[in-house]
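What follows is one structure encoded as structure tokens, with my remarks underneath.
Note: hydrogens, waters and symmetry copies are ignored here, and every other heavy atom, side chains too, is used. Chain A is the first sequence line, chain B the second, and so forth, proteins listed ahead of strands; every chain is numbered from 1.
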There are 2 protein chains.
Amino acid sequence: MKTNFFYKYKTVGLYGLSLAILLLLLRWLELKFLIYEHSFEIYAGIIALFFTGLGIWLSRKLTRPKTETRIVEKTVYRDPSLPFEVNRKEMDALGISERELEVLQLMSQGMSNQEIGANLFVSLNTVKTHAARIFEKLDVQRRTQAVEKAKKIGLIA
Amino acid sequence: MKTNFFYKYKTVGLYGLSLAILLLLLRWLELKFLIYEHSFEIYAGIIALFFTGLGIWLSRKLTRPKTETRIVEKTVYRDPSLPFEVNRKEMDALGISERELEVLQLMSQGMSNQEIGANLFVSLNTVKTHAARIFEKLDVQRRTQAVEKAKKIGLIA
DNA sequence: ATCAAAATCACCCGAAAGTATGAACGAGAA
DNA sequence: TTCTCGTTCATACTTTCGGGTGATTTTGAT
């Protein structure tokens, strides 16, 4: 169906339409200013259309493999039946202090910095400082990443 | 209303506008340098380049990845003998959509909204909307809590 | 063909998070 | 004792999040 087709590719259709309108506008300009050679705009239009198509084709061709390749990290399983124990070795290796670990634990429970501060009886700024150090030591930028990594290396349950 | 119209067909309008500007620029060049003889090839080249770029842009803008085969392997604290499987029952019960689950997964990897958007080929605002819905459905306030809860009820690994 | 849900995007605003820097203080170690 | 480290706090600034609202488009089901 024509209507169906147009509906489905509405955006594309609109682009085409605008292109057509533009070409008409060109015609009008041409007549208005009495430009000599009429064929140029037609050529330009054809070239434009052709190379737009080419660009689309190129893009599709070149970005094809990008959608499928999605690599992720190695899976590390841990038996849940065993009681959790903090990996002190990793803690030492990364130089993470006791206090920082506490912050990390509360952080992993979804607490805000404010709440963590209230829990540990320290100020918001202190929590921020701890957090910043944690991020630095774990080499991450966000708390979510920190929690992620801390769990992976066995700092928190 | 004019603003409304423009808003509605913003993309098309911008497209047309840029096209018009380009053509006007060409015209200007034409008049300025009076190079009627050997100018055609130059015009053709410019137009070809521009529209190739446009085509690529269009393609990138309009097409989205066909099959988003995303394999998310992460640290699992459950039974290591069993492979992770999304708890569809909970998903349905909470009314969490497929897309929202994707956002949730990327969120759990510590990605920022910006990064998630880049990964899913959508805008930051869209990610925010999804996130807001997720928080609402999971009844949480922060992303860390969302990840926490999603893991608990088996939405993500 | 129509209708509802899902997905998309935008804008505003305030809150929270994160960065950078500096500094005070106590406990141990050199 | 001097020096380092961990802890604490502050100020200022930038970025990101999250809430609220409204809108359009796509899609699937009836």
According to a 4.5 Å side-chain heavy-atom criterion applied to Ile, Leu, Val, Met, Phe, Trp and Tyr, with indirect links allowed, do A/Leu106 and A/Leu124 form part of one hydrophobic cluster? no

Starting at CD of A/Glu102 and ending at C1' of D/dT8, how long is that distance when rounded to a whole Å? 14 Å

Hey, are the side chains of B/Met107 and B/Ile116 touching, using non-hydrogen atoms and a 4.5 Å cut-off? yes

Audit row: B/Val140, B/Ile134, side-chain contact (heavy atoms from CB on, under 4.5 Å) steps and yes/no: CA-CA 8 Å; B/Val140 297; B/Ile134 291 170; over 6 Å; no

List for me each residue that meets side chain to side chain donor-acceptor pair (under 3.5 Å) alongside B/Glu148, sequence neighbours excluded, and say none if there are none. none

Once you round it to whole Å, what is the distance between C1' of C/dA15 and CG of A/Leu124? 11 Å

Terminal axes of the helix from C/dA1-D/dT30 to C/dA30-D/dT1 (five pairs each): angle between them, nearest 10 degrees: 50°

Under 3.5 Å, is there a donor-acceptor pair between the side chain of B/Glu100 and the main chain of B/His130? no

CA sep, side-chain torsions, deciding dist, call: A/Arg143, A/Phe135, side-chain contact (heavy atoms from CB on, under 4.5 Å): CA-CA 7 Å; A/Arg143 52 176 53 242; A/Phe135 298 159; 3.9 Å; yes

Whole angstrom is fine here: how far is it from CG in A/Asn125 over to P in C/dA20? 16 Å

With 3.5 Å as the limit, what N/O pairs link the protein to nucleotides 5-7 of chain C?
residue : atom : partner : partner atom : Å
C/dA7   : OP1  : B/Arg99 : N            : 3.3
C/dA7   : OP2  : B/Ser97 : OG           : 2.3

A/Leu120 CG to D/dG6 P, in whole Å, measures 17 Å

Rounding to a whole Å, what distance do you find between A/Ile134:CD1 and C/dG18:P? 10 Å

Could you check B/Gln145 against A/Gln109 for side-chain contact (heavy atoms from CB on, under 4.5 Å), going step by step and ending with a plain yes or no? CA-CA 7 Å; B/Gln145 292 175 345; A/Gln109 291 167 36; over 6 Å; no

Determine the minimum heavy-atom distance between A/Ile156 and A/Ser108, stating which atoms define it. CD1-CB, 3.5 Å

Work out which heavy atom in B/Gly110 is nearest to a heavy atom in A/Thr144; give both atom names and the distance. CA-OG1, 3.3 Å

For atom CE of A/Met111 and atom C1' of C/dA15, their distance in whole Å: 19 Å

Side chain to side chain donor-acceptor pair (under 3.5 Å) evaluation trace for B/Thr129 with B/Thr126: CA-CA 5 Å; B/Thr129 305; B/Thr126 304; 5.9 Å; no

Kindly indicate whether the side chain of B/Leu138, heavy atoms from C-beta on, has any atom under 4.5 Å from the side chain of B/Leu104. yes

Treating B/Lys128 as the side-chain partner and B/Asn113 as the backbone partner, does any N or O pair qualify as donor plus acceptor under 3.5 Å? no

Are there any protein N/O atoms within less than 3.5 Å of an N/O atom in nucleotides 18-20 of chain D, and if so, which ones and at what distance?
residue : atom : partner  : partner atom : Å
D/dG18  : OP1  : B/Arg143 : N            : 2.8
D/dG18  : OP2  : B/Arg143 : NE           : 3.3
D/dG18  : O6   : B/Lys128 : NZ           : 3.1

Stepwise side-chain contact (heavy atoms from CB on, under 4.5 Å) test for B/Arg99 and B/Val122: CA-CA 11 Å; B/Arg99 200 58 162 169; B/Val122 296; 3.6 Å; yes

Every protein N/O within reach of nucleotides 27-30 of chain C N/O, cut-off under 3.5 Å:
none

Is the number of heavy atoms from other residues, nucleotides or ligands within 6.0 Å of CD (A/Glu102) greater than 12? yes

Without swapping roles, check the side chain of B/Glu115 against the backbone of B/Ser112 for a donor-acceptor pair under 3.5 Å. yes

Sort me out a list of protein N/O and nucleotides 28-30 of chain D N/O pairs below 3.5 Å, or just none if empty.
none

Are A/Val147 and B/Val147 side-chain neighbours, meaning at least one heavy-atom pair lies under 4.5 Å? no

Please report, rounded to the nearest Å, how far the P atom of D/dC9 is from the CD1 atom of A/Ile116. 14 Å

